[in-house]
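Let me begin by presenting the structure, written as structure tokens, before commenting on it.
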Amino acid sequence: MPPLTRPRGTYDLLPPESALREWVLATHERVAAAHGYDLIETPAFEATEIYERGTGTGTDVVEKEMFSFTDRGGRSLTLRPEATPGVLRAVLAAHLDQEQRPVRVHYAGPMFRYARPQAGRYHQFWQLGIEAIGERSPAVDAEVIEVAWRFYAVLGITGLSLQVNTLGDPEDRTRYRAALVAYYAPLRDRLCEDCQRRLEINPLRLLDCKRDHGLVAGAPEIGASLGSESRDFFARVRTLLTAAGIPHELNPRLVRGLDYYSDTTFELWHASLQGAQNALGGGGRYDGLAEVLGFPPTPGAGYSLGVERTLAVCRAQGLGPVPTRDRVAVLGIGDPGNLAAAEVARRLRRAGLRAVLDASDRRLDRKLSSAARQGARAAVVVGEEEAAAGTASWKDLESGRQETADVDGVAAALGRVLRGE
Ligand code: AMP
């Protein structure tokens, strides 16, 4: 029987590569926390309706990419294609916004989209992000963008391009939709099948089409459809970004794939990522989302960033955690030695060390070379004699220095070696 394989569009995260993701997630958590964002976790699946109403039926994500299933009670559920609708549902259902505004939360976790697998596109992928819920102000939008920008700066990623745009308020968008329809309707025959449909249900999405580039260039821009409130709001966001020293480019074609955005939208691009997949992530303001989910109108803004693409850029730029060689291999010789070695390992761990036990019946030289291959910094050897005396011998595998001491002495000496003292 051939070995079973993993499903299409998925990947396995294996060590040592997993350390890079841990580092990226920990960095995001730290940067978000420094701005007052606390961890939130919501289910990996929600009622399908949340995405149909929230993300929007006119989007590719909802039309073509959802992993939906019916549970045993006949309810339609969907593996989350994105986090924002679920996070907003959770925050508003718990009335967190009645205690503080904005509610600042950050998240990280797997998302699921049935998109055609290709480089940088998976069926299961991770996003991390933040949401600031309950306040409508340019300062919140600028803060959200600044957190994303700081996150990439702390990772050390260079060469990012921040694209910003505004989608205005619902009235602006009604005007803009009419302008787009007026432009595209006479060109209907030149549009792809998807866009012919988008023209009816969601004309803004025509600007996202990868096939109709020639036409997008001549399409009207949103600027002409904006009222003065939207215009001022966006100008203030940009002023705040400039004051924060964050360079940004106005991109009037940036509409984003999801339905619920209003006012500020943004994307972070990186040139090392290919073609249509060059966005590390993006976000914006979504003041209309709460209402379509059945909650009182509540403003909000946030972003979500693709973890796999962030890792790809880290790899391309040689970024990652500073490798720490801090493992101690604890090696027993013979039965009494192995038994005592297990206890020595326990005591070293209680002293705060990373102790990896090898209580196999292999020869000591084999155990030592395997410990060195696995990157151990030091080895602790417990033979019959040491077991009887309650001692152990330790060896610094870098300098070759070795000594015998009681277990507390070994822990103290190794602590000094690992701290470089
Ligand atoms: P979106 O929620 O569509 O705005 O996506 C935000 C980011 O998530 C994108 O810029 C990608 O970095 C990442 N992303 C979206 N879909 C996928 C996918 N199918 N596979 C891998 N990453 C994805």
Side-chain angles (χ1 to χ4, degrees), residues 28-47 49-56 59 61 80-109 111 127-151 164 166-170 173 229-230 233-234 236-237 240-241 244 256-268 281-305:
H28 184 256
E29 174 144 26
R30 207 170 65 242
V31 172
H35 291 80
Y37 289 75
D38 296 319
L39 179 68
I40 188 167
E41 192 183 311
T42 61
F45 57 87
E46 297 269 355
E49 218 182 334
I50 284 217
Y51 306 111
E52 286 173 347
R53 288 209 266 163
T55 312
T59 61
V61 169
R80 61 180 174 195
E82 55 148 344
T84 303
V87 167
L88 187 62
R89 173 199 59 65
V91 166
L92 296 182
H95 305 296
L96 296 187
D97 60 314
Q98 288 172 11
E99 284 149 39
Q100 45 168 324
R101 284 181 170 228
V103 178
R104 291 182 169 90
V105 286
H106 75 86
Y107 64 83
M111 309 292 155
Q127 285 184 339
L128 47 77
I130 65 171
E131 312 291 352
I133 296 163
E135 189 180 319
R136 175 181 167 77
S137 101
V140 170
D141 298 23
E143 173 181 294
V144 163
I145 296 174
E146 185 166 356
V147 178
W149 188 261
R150 284 291 307 151
F151 164 56
V164 299
T166 178
L167 295 178
D169 62 22
R173 274 199 305 289
E229 203 270 342
S230 306
F233 189 94
F234 187 48
R236 285 165 62 200
V237 174
L240 290 168
L241 289 177
R256 311 261 311 134
L258 314 176
D259 256 3
Y260 49 64
Y261 286 103
S262 60
D263 293 289
T264 319
T265 60
F266 68 97
E267 276 186 3
L268 284 154
R285 177 155 286 283
Y286 47 80
D287 290 354
L289 180 58
E291 236 178 324
V292 300
L293 298 182
F295 293 97
T298 312
Y303 65 67
S304 69
L305 307 173

Report yes if some heavy atom in the side chain of Val144 is under 4.5 Å from a heavy atom in the side chain of Tyr37; otherwise report no.
-> yes
Could you check Asp38 against His106 for side chain to side chain contact (heavy atoms under 4.5 Å, CB included), going step by step and ending with a plain yes or no?
-> CA-CA 6 Å; Asp38 296 319; His106 75 86; 5.5 Å; no
Write down the atom of Ala83, the atom of Gln127, and the distance for their closest heavy-atom approach.
-> N-OE1, 4.4 Å
Should Val61 and Glu82 be marked as a side chain to side chain contact (heavy atoms under 4.5 Å, CB included) after you check the CA-CA gap, both sets of side-chain angles, and the distance that decides it?
-> CA-CA 9 Å; Val61 169; Glu82 55 148 344; 5.6 Å; no
With Tyr286, which residues qualify under ring pair (Phe, Tyr, Trp, His ring centres under 6.0 Å), at least two apart?
-> Tyr260
Listed partners of Glu52 passing side chain to side chain donor-acceptor pair (under 3.5 Å), at least two apart = none
For Arg80, check side chain to side chain donor-acceptor pair (under 3.5 Å) against everything at least two apart and list the hits.
-> none
Quick one: side chains of residues 290-304, donor-acceptor pairs under 3.5 Å with protein atoms, not counting sequence neighbours, listed by atom name and distance.
from	atom 1	to	atom 2	distance (Å)
Thr298	OG1	Pro296	O	2.7
Tyr303	OH	His28	NE2	2.7

Heavy atoms only: give me the nearest Pro81-Met111 pair and the separation to one decimal.
-> O-CB, 3.7 Å
Over 12 foreign heavy atoms within 6.0 Å of CD, Glu41 | no
Thr55 and Pro85 have their tightest heavy-atom pair at OG1-CG, 3.9 Å
Just how far is it from atom CD1 of Ile130 to atom OG1 of Thr84, taken to the nearest 0.5 Å?
-> 10.5 Å
Step by step, work out the side chain to side chain contact (heavy atoms under 4.5 Å, CB included) result for Val164 and Val237.
-> CA-CA 10 Å; Val164 299; Val237 174; over 6 Å; no
May I ask you to test the Ile40-Val103 pair for a side-chain heavy-atom distance under 4.5 Å?
-> no
The reported gap from CZ in Arg285 to OG1 in Thr166 (rounded to nearest 0.5 angstrom) is 10.5 Å
Of all residues at least two apart in sequence or in a different chain, which pass the side chain to side chain donor-acceptor pair (under 3.5 Å) check with Arg136?
-> Glu229, Asp263, Asp287
Output the distance between atom CZ (Phe266) and atom OH (Tyr261), rounded to the nearest 0.5 Å.
-> 7.5 Å
Gap separating the NE2 atom of His35 from the CZ atom of Arg104, nearest 0.5 angstrom | 9.5 Å
Qualifying residues under side chain to side chain donor-acceptor pair (under 3.5 Å), relative to Thr42, sequence neighbours excluded | none
Determine the minimum heavy-atom distance between Leu241 and Ala142, stating which atoms define it.
-> CD2-O, 4.1 Å
Enter the distance from Thr265:OG1 to Asp141:CG here, rounded to the nearest 0.5 Å.
-> 10.0 Å
Counting distance only, does the side-chain N/O of Arg101 pair as donor-acceptor with the main-chain N or O of Asp97 below 3.5 Å?
-> yes
Would you give the length of the straight line joining atom CD1 of Ile133 to atom CG of Leu96, rounded to the nearest 0.5 angstrom?
-> 8.5 Å
Go through the steps for Val31 and Trp149 under the test side chain to side chain contact (heavy atoms under 4.5 Å, CB included), then give the verdict.
-> CA-CA 10 Å; Val31 172; Trp149 188 261; over 6 Å; no
Nearest heavy-atom pair of Leu268 and Ala148: which atoms, and what distance?
-> CD1-CB, 3.8 Å
Exceeds 12 heavy-atom contacts within 6.0 angstrom, atom CD of Glu135 | yes
Side-chain contact, heavy-atom cut-off 4.5 Å: Ile50 with Arg89?
-> yes
